[in-house]
Number of protein chains: 2
Amino acid sequence: MKLKEFAKQLGLSPTTVSRALSGYPEVSEVTRARVVQEAVRLGYRPNVNAVRLKTGRVGAIGVVMGRAGEFHFAEFMAGMAERLVTEDTDILVIPMANPESDAEMQLYRRLAESQRVDAIIVHSPRPNDQRIALLHELGMPFLVHGRSDIDVPHPWLDIDNEGAVRRATSHLIDLGHTRIAMINGRQGATYALHRDVGYRSALQNHGIEVDPQLIANGNFTDELGFRFARSFLEQPKPPTAFVAGSMMTALGIYRAARSLGLQIGSDVSVIAHDDVFPYLTADNMVPSLSATRSSMRAAGTRCADLVLQLLAGRSPTEIHELWPVELILRESTGPVRALRT
Amino acid sequence: MKLKEFAKQLGLSPTTVSRALSGYPEVSEVTRARVVQEAVRLGYRPNVNAVRLKTGRVGAIGVVMGRAGEFHFAEFMAGMAERLVTEDTDILVIPMANPESDAEMQLYRRLAESQRVDAIIVHSPRPNDQRIALLHELGMPFLVHGRSDIDVPHPWLDIDNEGAVRRATSHLIDLGHTRIAMINGRQGATYALHRDVGYRSALQNHGIEVDPQLIANGNFTDELGFRFARSFLEQPKPPTAFVAGSMMTALGIYRAARSLGLQIGSDVSVIAHDDVFPYLTADNMVPSLSATRSSMRAAGTRCADLVLQLLAGRSPTEIHELWPVELILRESTGPVRALRT
DNA sequence: GACCAAATTGAAATCGATTTGGTTATGAAA
DNA sequence: TTTCATAACCAAATCGATTTCAATTTGGTC
């Protein structure tokens, strides 16, 4: 059913019908009510593509998905979905072939110019992230989930990675640990950098020297958690505590410790970052996992909200949200023990 | 830059330019080459919304995302993305508020009628799934990931859940197990039903009575795996083996067994279904997990491929793919032991 | 050189809405 | 009674492409 046809059935002009449905004030309330009611009855719905062409709005927020298909991603999107379900906005997932800088920039450029989305959410930004410069230059509304140092104004939402890791590390130091290993995310992203800074500053605040042999970077997988932890623990001077970037990493660390006959919480302490997943909870691990916690889902919800505000006209330059991160102590952390000989 | 303007700069009509870029044969090769080249140079790209309005094609595949935000989902989408990255097609994720049947149907109806997507992928279908009837009736192209009994022709791709679980269960029986617990997915979806059938038929084939006390249904979480396993193991006549629906469930079972001082692989055997995640692998669990395996990512890739074929005109009625599932035996399964007293 | 088919190119209609710039009632003020 | 503001509605232009139908050019044949 087209507008023209529908309007004719109502004995009104397309103009009035369109206005009635879009809530313009120049239509009498009684007419509007009738139009709305009849639209439902006759099943008239404006053609989305015609509306988009005419208004220039799309009703979609773009998210670029790397190949990695990280488990965080689904949570973030679920969070976005929670917020967007009441709006008439959906999520466009754009696959990214390879994250080599050149193709990536091309992708963002095409996306921005193609008018397929009203706004873009940029994930895992790097310190000097050219995507941000590009989107700013193109005038495409965007929100950065994470932070960047780049000298271009941009709205962002981030969690306090540095503070979280500093607290976690300091806590371990307070427990007497001095050899604390750090299994961080992949190098390059700002969040990994921030966590690194938090880790180093905690050590330095307490006069402990940073040992590069105890620092590793890589994807958040059980596999890497195991491999790194295992190799650390097999060093002549093994760590007595771990700070880890994800729950999956923590699973790997647990496994490595067990495989060497070490007790988590007494022989080895572990604090990991928990993005809060419905299917795997820190509290349920054995022993329960001490964690820095921040809900990825909540971040998704809030990001969606902020993007909507952005599209409604809120100034991008005033959107900067830094979320504090909880530190929740459970059984996986304890005072340092004398080393085995 | 608009078509009209661009055409003028080239000294051609919009018609010819449009044809040149869309690859129509009525344009001389030399003209086409020039148009394509200039389009790149001057940065002309057809307005997506105008194209959509005119052609009725959208270049997007719709996927409805439940609130659960399951971890499988991200893998499936990553798989889709892998296939779609070379096409000019993206993925539209539509948030679903609450899965109560009525609102759900409304959502699918709106989605189908709104022309926002060219096709829809239906997930976790139920035996009598009205979504399928609806989409069929509306003439919206769709592909079912999973299967349904509904009396409406529909293209689908599914894995052999029944066969997988039958093999897994039979294998456990061959190892001497007779009390085999089944921790299945949520009731309602066909796949859970098929797995249930596979489980029961294996038992019955070997003359073992089904004990309803050993069957549980629920979300694929570590938490539920633990709770169910724990309650089963505390029964007067505990199971000596488990068949479980997911890796997360298996983690919970491992934990439950450990908490009771039971050795996985000797005291208790476990086989779980592994959707193949990059961040958590069955092989890496301790002890390594015997699993029925089928790549969720590969399914996503293939589903995207099939949808593209569908859109290219392939008949929906001839698309039925049933993927076999591997059974990979590792350390978590072993011959039954005499029960503790 | 005339003729005709094939190869190219264009003008204008079209997709289905929104919105600008009116026009017509209505009722209050002069 | 006239005037004028306001409320309510409408005709037609517009968004930016695709595509139908018609016009022109090209090249081969007689």
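Every chain is numbered from 1 and lettered A, B, ... according to where its sequence line falls, protein lines coming before strand lines. Note that the structure is a prediction, hence the values are computed from the model and not measured.
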Quick one, which residues of residues 4-14 of chain B touch DNA chain C with a heavy atom under 4.0 Å?
B/G11, B/L12, B/S13
One thing to verify: whether B/R297 and B/E75 come together as a salt bridge, which I'm taking to mean a side-chain N less than 4.0 angstrom from a carboxylate O.
yes
Taking only nitrogen or oxygen atoms into account, show me every contact under 3.5 Å that the protein makes with nucleotides 21-28 of chain D, one pair per line with its distance.
| from | atom 1 | to | atom 2 | distance (Å) |
| --- | --- | --- | --- | --- |
| D/dC21 | N4 | B/R19 | NH2 | 3.2 |

Sorted by chain and number, sequence neighbours left out, salt bridge (Lys or Arg N to Asp or Glu O under 4.0 Å) with A/R314 holds for A/E318
Nearest of D/dC10, C/dT9, C/dA17 to any side-chain atom of B/V27?
C/dT9
Heavy-atom nearest pair, B/S315 first then B/T317, reads OG-OG1, 2.8 Å
Output field: ring centroids A/F71/B/F277 closer than 6.0 Å:
no
With a non-hydrogen cut-off below 4.0 angstrom, is B/S18 in contact with a base, only sugar-phosphate, or nothing?
base
Going by an N to O cut-off under 4.0 Å, is there a salt bridge joining A/R126 and A/E104?
yes
Taking NZ, NE, NH1 and NH2 as the nitrogens, is one of them in A/R34 or A/E38 under 4.0 Å from a carboxylate oxygen of the other?
no
Rounding to a whole Å, what distance do you find between A/Y24:OH and C/dT19:C1'?
7 Å
Give the angle between the helix axes at the two ends of the helix from C/dG1-D/dC30 to C/dA30-D/dT1, taking five base pairs at each end and rounding to 10°.
60°
Qualifying residues under salt bridge (Lys or Arg N to Asp or Glu O under 4.0 Å), relative to A/E87, sequence neighbours excluded:
A/R83
B/E29 CD to C/dT9 P, straight-line distance once rounded to whole Å
11 Å
Please name the pair of heavy atoms, one in B/P125 and one in B/G146, separated by the smallest distance, quoted to 0.1 Å.
CG-C, 3.7 Å
Option passing ring-ring contact (aromatic ring centres under 6.0 Å, His included) with B/H145 (candidates B/F73, B/F76, B/W323):
B/F76
Residues of residues 39-58 of chain B with any non-hydrogen atom less than 4.0 angstrom from an atom of DNA chain C: list those, numerically ordered, please.
B/L53, B/K54
So, A/D118 and A/R57, do they make that salt bridge, N to O below 4.0 Å?
no
Just the rounded figure in Å: distance from C1' of C/dG16 to CD of B/E113.
16 Å
If you compare every side-chain N and O of B/T15 against the phosphate oxygens of C/dA11 (OP1, OP2), does one of them come in below 4.0 Å?
no
Within this structure, what is the CG-to-C1' distance between B/L3 and D/dA17, rounded to whole angstrom?
6 Å
Does a side-chain heavy-atom distance below 4.5 Å link B/D90 with B/L84?
no
Decide, yes or no, whether a salt bridge links B/R32 with B/E29 under the criterion of side-chain N to carboxylate O below 4.0 Å.
yes
Inter-residue atom distance A/D129.CG - A/T190.OG1, 0.5 Å rounding:
7.0 Å
